[in-house]
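Below is one structure; the comments refer to it alone.
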2 protein chains.
Amino acid sequence: MTQTSWDPRRLTAVAVELPEGVTPPGTRGRILRAALRLFAEYGFHGASIRDIAREVGINSATLYAHYPAKEHVLAELIRLGHEELRRRMVEAAGAAGDDPAEQLAALVRAQVLVHTDYPLLALVANHELHALSPESAAPALALREEARQLLLAVLERGATAGAFDVADVPLTGIAIGSLGMRVANWFGPDQPYTREQVADAFVGFALRLVGSPLPRG
Amino acid sequence: MTQTSWDPRRLTAVAVELPEGVTPPGTRGRILRAALRLFAEYGFHGASIRDIAREVGINSATLYAHYPAKEHVLAELIRLGHEELRRRMVEAAGAAGDDPAEQLAALVRAQVLVHTDYPLLALVANHELHALSPESAAPALALREEARQLLLAVLERGATAGAFDVADVPLTGIAIGSLGMRVANWFGPDQPYTREQVADAFVGFALRLVGSPLPRG
DNA sequence: GTCTATAGATGGATAGAC
DNA sequence: GTCTATCCATCTATAGAC
């Protein structure tokens with residue numbers, strides 16, 4: 001059966017990974033990974049300080065030697081997630097050529113692969129942002145806005161150049177963004193697609209959305 | 001500025017509405033609406049029994065004369081949301097003709113309009129399902145699966161009939177479903193589109209996704 | 001940095017009067 | 001059905017020893 005049904009619970013069978021290089025070393029990193037898994041499965045308010053500490057194997061009081069408050073742990077996770085998204089999309093935009101279709105493909109591929117590579121982080125970054133104070137959420141929102149502008153700029157360019165047939169640029173941007181964002185909710189080891197297959201398919205979807213003939217036949 | 005930026009907090013300026021006919025009368029209905037607003041904004045674990053009671057204007061103990069536990073309030077909301085989705089999609093499928101493109105358009109329009117008409121309910125139904133026990137979540141999941149099968153059946157029919165150019169039916173179904181599902185996250189009074197404009201646009205997106213020539217031009 | 005112990009607040013839920 | 005009062009578990013966070 002080729003089902004790809006929705007899971008009532010959030011993903012659990014997914015490796016708890018954080019982007020390389022940016023993960024803090026030592027106990028701080030272990031706290032971050034434990035919190036990532038628990039926040040993804042139960043939500044910020046559904047996972048307690050004691051739950052996180054138990055998962056790390058330390059006392060709950062020890063956690064406060066690394067983070068001043070529970071909210072700071074969530075804030076760092078959400079910031080990391082958005083930084084990785086922005087980083088990859090900027091990189092993709094820079095590596096792509098001048099063709100709007102090629103640029104759009106690169107951006108969509110980057111967005112999808114961030115969600116397949118770090119589904120738990122994407123879940124938390126997208127679903128638990130409301131648990132942060134406006135000040136704590138601001139950095140992530142700024143990064144998200146940058147990524148959004150990258151996509152909108154490509155859509156605008158392609159539309160004015162005649163490469164795209166787009167009736168409404170902002171709405172098309174929302175649609176393309178929505179496609180990639182939900183990948184984190186269903187991508188995992190229990191479904192038959194590889195990360196590259198999903199990326200290829202979603203690039204094709206995005207190109208069809210903008211009315212662009214497929215570049216590879 | 002025609003921005004449609006993302007909101008850090010979940011929607012608040014949206015009328016708290018439940019589908020007609022199915023909403024319980026009296027205090028029970030008021031509890032349901034209060035819980036809907038609070039669960040949508042703060043999440044199930046982020047809103048307390050006392051918060052809900054305060055919003056209704058009753059004592060927190062009174063709530064237990066109407067619901068045996070906090071989880072039952074959430075379970076009823078999520079069930080209502082999924083029932084409305086299933087009801088509208090079945091209705092749309094029945095009213096549409098035999099043409100696969102027409103059927104797909106009807107299903108997508110129905111899905112989008114459920115999310116524009118009851119964005120808070122859709123948010124809670126999609127984001128807080130993990131807070132329910134498997135038994136409490138089962139009815140909603142069954143309804144969701146029915147709605148999903150309606151969409152997949154149309155995609156299959158259109159693909160085999162040659163009306164659609166679809167490389168991967170399940171993945172295309174996920175993509176179309178993702179489009180409509182996220183409408184609840186951004187649709188509201190602070191953006192320039194009407195519900196009909198969004199529905200029309202997303203129907204167009206879906207038809208492009210399946211490689212179908214637009215029926216109206 | 002890590003622990004034990006605990007403060008102080010808040011959580012879901014119940015007892016019983018009216 | 002609604003209230004007051006309360007039980008008891010759990011929560012975030014802190015104090016202070018090692």
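Here is the naming used below: chain letters follow the sequence lines, and residue numbers restart at 1 for every chain.
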Calculate the interatomic distance between [X] atom [atom1] and [N] atom [atom2]; express it in whole Å.
| X | N | atom1 | atom2 | answer |
| --- | --- | --- | --- | --- |
| A:D51 | D:dA9 | CG | C1' | 14 Å |
| A:L74 | D:dT12 | CG | C1' | 15 Å |
| B:Y67 | D:dT2 | OH | P | 13 Å |
| A:K70 | C:dG11 | NZ | C1' | 13 Å |
| A:L63 | D:dC11 | CG | P | 14 Å |
| A:R54 | D:dT12 | CZ | P | 11 Å |
| B:F44 | C:dG12 | CZ | P | 8 Å |
| A:I31 | C:dG1 | CD1 | P | 10 Å |

| said: Checking A:Y193 against B:D168: is there a side-chain donor and acceptor pair closer than 3.5 Å? | reply: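 Result is yes, a qualifying pair exists.
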| query | Do B:E145 and B:R148 sit within salt-bridge range, that is, some charged N less than 4.0 Å from a carboxylate O? | reply |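 Judged by the 4.0 Å cut-off on N to carboxylate O distance, B:E145 and B:R148 do form a salt bridge.
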What's the closest nucleotide to the side chain of [X] if the choices are [options]?
| X | options | value |
| --- | --- | --- |
| B:Y64 | C:dT2, C:dA13, D:dA13 | C:dA13 |
| B:A69 | C:dA13, D:dG1, D:dT12 | C:dA13 |
| A:N59 | D:dG1, D:dT12, C:dT4 | C:dT4 |
| A:S48 | C:dT4, C:dG12, D:dT12 | D:dT12 |
| B:T62 | D:dT2, D:dT4, D:dA13 | D:dT2 |
| B:S60 | C:dA13, D:dG1, D:dT4 | C:dA13 |
| B:H66 | C:dT2, D:dG1, C:dG12 | D:dG1 |

| said: If I compare all heavy atoms of B:A92 with all of B:L107, which pair ends up nearest, and what's the gap? | reply: CB-N, 4.4 Å
| Interatomic spacing from CG in A:L209 to CG in B:L179 - rounded to 0.5 Å | 6.5 Å
| task | By nearest nucleotide on DNA chain D, pick out whichever of B:A61 and A:A47 is the more 5' one. | result |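 Its nearest nucleotide lies further toward 5', so the answer is B:A61.
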| message | With a 4.0 Å limit, can you tell me whether A:T27 has a side-chain N or O closer than that to the phosphate oxygens OP1/OP2 of C:dG1? | response |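 For C:dG1, neither OP1 nor OP2 has a side-chain N or O of A:T27 closer than 4.0 Å.
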| request: State whether the distance check finds a donor on one side and an acceptor on the other, under 3.5 Å, for side chain A:R50 versus base D:dT12. | output: yes
| Hey, does the side chain of B:R86 reach the backbone of B:L143 with a donor-acceptor pair shorter than 3.5 angstrom? | no
